[in-house]
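Shown next, in structure tokens, is the structure this report addresses.
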Amino acid sequence: MTDTRVVMDVVERARSGDADALGQLWRAHQHLLLRYFRARRVQSPEDLASQVWIDVAAGLHRFEGDDEDFRRWLFTIARRRDIDRVRAITRRPEVCTVEAGHHVVDAQAEDDFDAGESLDRALSMLATLPADQAEAVALRVIGDLSVAAVAEVMGRREGHVRVLVHRGLRRLAANFAVTPVSAPTMNAAS
Amino acid sequence: MSTDPLNDLLRTLSAPARTDELVGEAEAVARMRSVVASVDVKEPPTMHASPSRRNRIATLVAAGVIGFGGVAAAGPGNFLPSADDPFVTDVPEDKPTETTEPAATTSTAAATSTTTTTQPATAQTVTTEALIVVPLVDDPTTEFDETLCAEGNHGKTVSSVAHATESGPGKGEIVSTAAHSSCGKDATDDGEDVAADVEADDAGEDADQGGKPDHAGKPEDTGRPDDAGSRSNRDGNKHDD
């Protein structure tokens, strides 16, 4: 959905409740939302993504723009929902059952590295970054947003976003230097 | 195959969706459809006031314009009572008031006398029962300028004298003299009824108390010469000369 007219057509049909258009939007962006939430160390990304899609459906009649505008809007909603989640946890502390595979670089992951696990490992490595660097890299890479769009979503200046992305990628490269990844594994991932 | 693990990792992050990431599409789309159907698309709220609010505001504005504008319009047209208007008093009508004031002469204050007058009920009306018709006296000994005499209006005469006289010692006496004079009273004889009424009152009072009125009301005027320009005196409630 890179053509603005196609996106607008899909959004227009989705506004009227067209199931195909809604499904098309969902299939094009659901995995991006899940990966973004996992990069932000969300325990149940599916639940949070479900809330995001409800907000999207409620605000579709107000949306205007192209594909990148839609993604920027989508990730803006996702970021706010995650902030709400963090605030709710702060107000009402709950026991978090941390899934080790999503937060810690597991040494065993390199042994059974298939396509799915490569994504999990990549997200796990991304989650080891500081929160703002991980978010900037996630929005830039997963969300495929421009620096300006990332800056708008994060509420930062573009220069700050560039610095965050640069430092995040440099730290990821340093992590790879410490724990090298075998070439067959990466081939499977790509 | 890539030799740069970082690029491979980034490529993995941006890879197309896996099948396990697209589980639950039907439920998600169903929820979205229900939300879209429940959304009532309305016009965004505007800053315009509602019709009822506009009506209330218009009513208030109209009331204000009529209220203040009416006063402003009545002022230049002399429809409002003036402070110098001798026909303005706020003394109730039904309460006879005892006033004690010096006898009016053309030049000096003399013996005092009392009179009973019936005051008007409203501020806009006044009785002229106690008006005494005295011809204008052109006394060379008067201390005030008799050219200020307002024909037929003794109160206005006193007011004019009060305004024309510069402040300082002696102003009170001058104003008092003007108040005690008959200046401005000569032209009130525009009807025979008034004179007849006054004469009748004089005769009645003389017969009752020999010039002493009934003290039924609270006295408002102490009869001091300085009070000659007060409202009760401006009514021309002179009894005798």
Side-chain angles (χ1 to χ4, degrees), chain A residues 14-35 39 46 49-50 53-62 115-116 118-119 121-123 125-126 137-138 140-144 169-170 172-173 175-177 179-187 189-190, chain B residues 1-70:
Chain A
R15 284 172 186 162
S16 60
D18 184 79
D20 291 338
L22 290 171
Q24 192 173 347
L25 287 176
W26 190 87
R27 283 192 301 273
H29 301 95
Q30 168 69 4
H31 65 291
L32 304 181
L33 279 179
L34 295 178
R35 294 173 187 178
E46 291 83 4
S50 176
W53 283 113
I54 290 175
D55 291 344
V56 168
L60 263 181
H61 64 281
R62 294 192 305 265
S118 67
L119 178 62
R121 185 173 188 275
L123 291 172
M125 295 186 68
L126 189 59
V137 172
R140 191 82 172 90
V141 177
I142 299 174
D144 194 21
L169 294 178
R170 191 173 59 183
L172 285 176
N175 289 341
F176 272 115
T179 57
V181 180
S182 60
T185 301
M186 296 308 296
N187 283 339
S190 60
Chain B
M1 175 180 292
S2 173
T3 57
D4 187 355
L6 181 60
N7 285 338
D8 291 338
L9 181 140
L10 299 179
R11 199 175 302 121
T12 301
L13 290 175
S14 59
R18 301 181 322 205
T19 54
D20 60 333
E21 290 176 322
L22 298 179
V23 175
E25 177 184 352
E27 294 84 0
V29 171
R31 278 195 299 268
M32 292 170 67
R33 289 191 66 182
S34 62
V35 171
V36 169
S38 64
V39 171
D40 185 14
V41 181
K42 295 178 180 178
E43 291 295 326
T46 62
M47 296 301 293
H48 300 299
S50 62
S52 60
R53 186 179 178 185
R54 283 200 297 267
N55 291 337
R56 288 198 299 270
I57 293 174
T59 302
L60 292 176
V61 170
V65 168
I66 292 172
F68 291 105

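Below, read A as the first sequence line, B as the second, and so on, with proteins coming before strands; counting in each chain starts at 1. For the numbers below, each heavy atom of this structure counts, side chains included, while hydrogens, waters and symmetry mates do not. Keep in mind that what you see is a predicted model, and the values were worked out from it rather than measured.
- The greatest number of non-hydrogen atom pairs below 4.5 Å with chain A, out of B/Val23, B/Val35, B/Asp20, is found for B/Val35.
- Proximity to chain B (any heavy atom under 4.5 Å) is shown, for A/Ile54, by both the backbone and the side chain.
- At a threshold of 4.5 Å between non-hydrogen side-chain atoms, the residues A/Arg35 and B/Leu13 do not count as touching.
- A pairwise comparison of heavy atoms in A/Ser50 and B/Arg31 identifies OG-NH2, 3.1 Å as the closest pair.
- The nearest pair of heavy atoms linking A/Gly17 to B/Arg33 is O-NE, 2.9 Å.
- Looking only at side-chain heavy atoms (C-beta outward), A/Trp26 and B/Leu22 come within less than 4.5 Å of each other.
- Using a 4.5 Å cut-off between heavy atoms, A/Ala14 touches chain B through its backbone atoms (N, CA, C, O) alone.
- Counting heavy atoms from C-beta outward, A/Leu126 and B/Leu9 have side chains that stay 4.5 Å or more apart.
- Nearest heavy atom pair, residue A/Ala122 against residue B/Thr12, reads CB-CG2, 4.3 Å.
- Atom CD of B/Glu25 sits about 10.0 Å away from atom CG of A/Leu22, to the nearest 0.5 Å.
- With a 4.5 Å cut-off on non-hydrogen atoms, A/Arg140 does not touch chain B at all.
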